[in-house]
Amino acid sequence: GETEMAVQCKHWKAWNLGVARVREFFGGMTHAKIARGMVIASKGYTDQAAEFARQHDITLLDKAGLVRLLEETDCRFAPDVQALLNDRTKYCPRCEAPMVLRNGGTPFWGCSRYPACRCTMQV
């Protein structure tokens, strides 16, 4: 029969995934009674996160690992996967909300949660 697997994605460009996030994910898996999991972290993950994941049957993938997985399964040709791969949405490196292009004399990316989050990025 089919085996359930929980999957979580973190599109962080500035931070490696730490062990605390993997523990939180494992807690969610345990609550849902799902034995296997996969976390995809675009930047990568810490050694502590990798060790915890190994101990609890959680696969960790970075961006290169995700690309290999897509190539091995030919999923990259699926329309939904193509839409995800071609998405150019920018996300706040602090709170992960979508960024909005703003113009204060010079264009810049600003967090959509402003004023709660005041993160900005150059265009």
Side-chain angles (χ1 to χ4, degrees):
E2 288 188 32
T3 303
E4 288 184 324
M5 175 185 272
V7 178
Q8 185 176 66
C9 300
K10 292 292 185 185
H11 186 59
W12 293 346
K13 293 186 178 182
W15 301 291
N16 285 328
L17 183 78
V19 69
R21 297 292 182 169
V22 182
R23 283 186 182 132
E24 290 172 7
F25 178 68
F26 179 66
M29 287 172 49
T30 302
H31 180 74
K33 297 182 174 77
I34 297 174
R36 295 177 52 230
M38 177 184 293
V39 179
I40 302 165
S42 56
K43 173 80 169 129
Y45 38 84
T46 65
D47 291 341
Q48 287 179 319
E51 178 59 22
F52 184 87
R54 186 190 60 73
Q55 293 171 0
H56 298 285
D57 201 18
I58 299 171
T59 301
L60 296 182
L61 292 179
D62 59 8
K63 186 176 180 179
L66 176 60
V67 169
R68 279 193 305 274
L69 179 66
L70 292 173
E71 289 172 350
E72 290 169 3
T73 61
D74 284 334
C75 284
R76 67 184 184 277
F77 298 115
D80 291 345
V81 173
Q82 279 297 311
L84 285 172
L85 293 174
N86 293 325
D87 186 1
R88 298 293 177 230
T89 305
K90 303 240 185 278
Y91 293 93
C92 178
R94 287 191 189 145
C95 71
E96 299 181 30
M99 298 294 274
V100 178
L101 189 60
R102 302 190 189 275
N103 192 350
T106 302
F108 66 94
W109 290 102
C111 183
S112 61
R113 292 186 55 237
Y114 177 86
C117 179
R118 296 177 177 268
C119 185
T120 61
M121 297 186 323
Q122 293 180 342
V123 173

**Q** To the nearest 0.5 Å, what is the distance between NZ on K10 and OH on Y91?
**A** 12.5 Å
**Q** Are the charged groups of R68 and E71 less than 4.0 angstrom apart, N to O?
**A** no
**Q** Which heavy atom of F25 sits nearest to which heavy atom of G37, and what is that distance?
**A** CE2-CA, 3.9 Å
**Q** Which side-chain N or O atoms in residues 110-123 pair as donor and acceptor under 3.5 Å with protein atoms at least two apart or in another chain?
**A**
unit_1 : atom_1 : unit_2 : atom_2 : d
S112   : OG     : P98    : O      : 2.7
Y114   : OH     : R118   : NH1    : 3.4

**Q** Quick check: are there more than 12 heavy atoms from other residues, nucleotides or ligands sitting under 6.0 Å from CG of D47?
**A** no
**Q** For R36 versus D57, what's the shortest heavy-atom pair and its separation?
**A**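 Shortest heavy-atom separation between R36 and D57 comes out as CG-OD2, 3.2 Å.
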**Q** Please name all residues satisfying side-chain contact (heavy atoms from CB on, under 4.5 Å) with N16, sequence neighbours left out, ordered by chain then number.
**A** K43, T46
**Q** Answer with yes or no whether the hydrophobic clustering places V39 together with V19; edges join I, L, V, M, F, W, Y residues whose side-chain heavy atoms lie under 4.5 Å apart.
**A**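 The answer is yes; both residues are in one hydrophobic cluster.
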**Q** Do the non-hydrogen side-chain atoms of M38 and L69 ever get within less than 4.5 Å of each other?
**A** yes
**Q** Please step through side-chain contact (heavy atoms from CB on, under 4.5 Å) for the pair W109 and L101, ending with a clear verdict.
**A** CA-CA 5 Å; W109 290 102; L101 189 60; 3.8 Å; yes
**Q** Same cluster or not: are I40 and V67 linked, directly or through other Ile, Leu, Val, Met, Phe, Trp or Tyr residues, by side-chain heavy atoms under 4.5 angstrom apart?
**A** no
**Q** Search all heavy atoms of H56 against all heavy atoms of M29 and return the closest pair with its distance.
**A**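 Minimum heavy-atom contact is O-CE, 4.5 Å.
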**Q** Could you list the donor-acceptor pairs under 3.5 angstrom formed between side-chain atoms of residues 58-65 and any protein atom two or more places apart in sequence or on another chain?
**A**
unit_1 : atom_1 : unit_2 : atom_2 : d
D62    : OD1    : A64    : N      : 3.3
D62    : OD1    : G65    : N      : 2.8

**Q** Count the heavy atoms belonging to other residues, nucleotides or ligands that lie under 6.0 Å from CD of E51, then report whether that count exceeds 12.
**A**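 More than 12 within 6.0 Å, yes.
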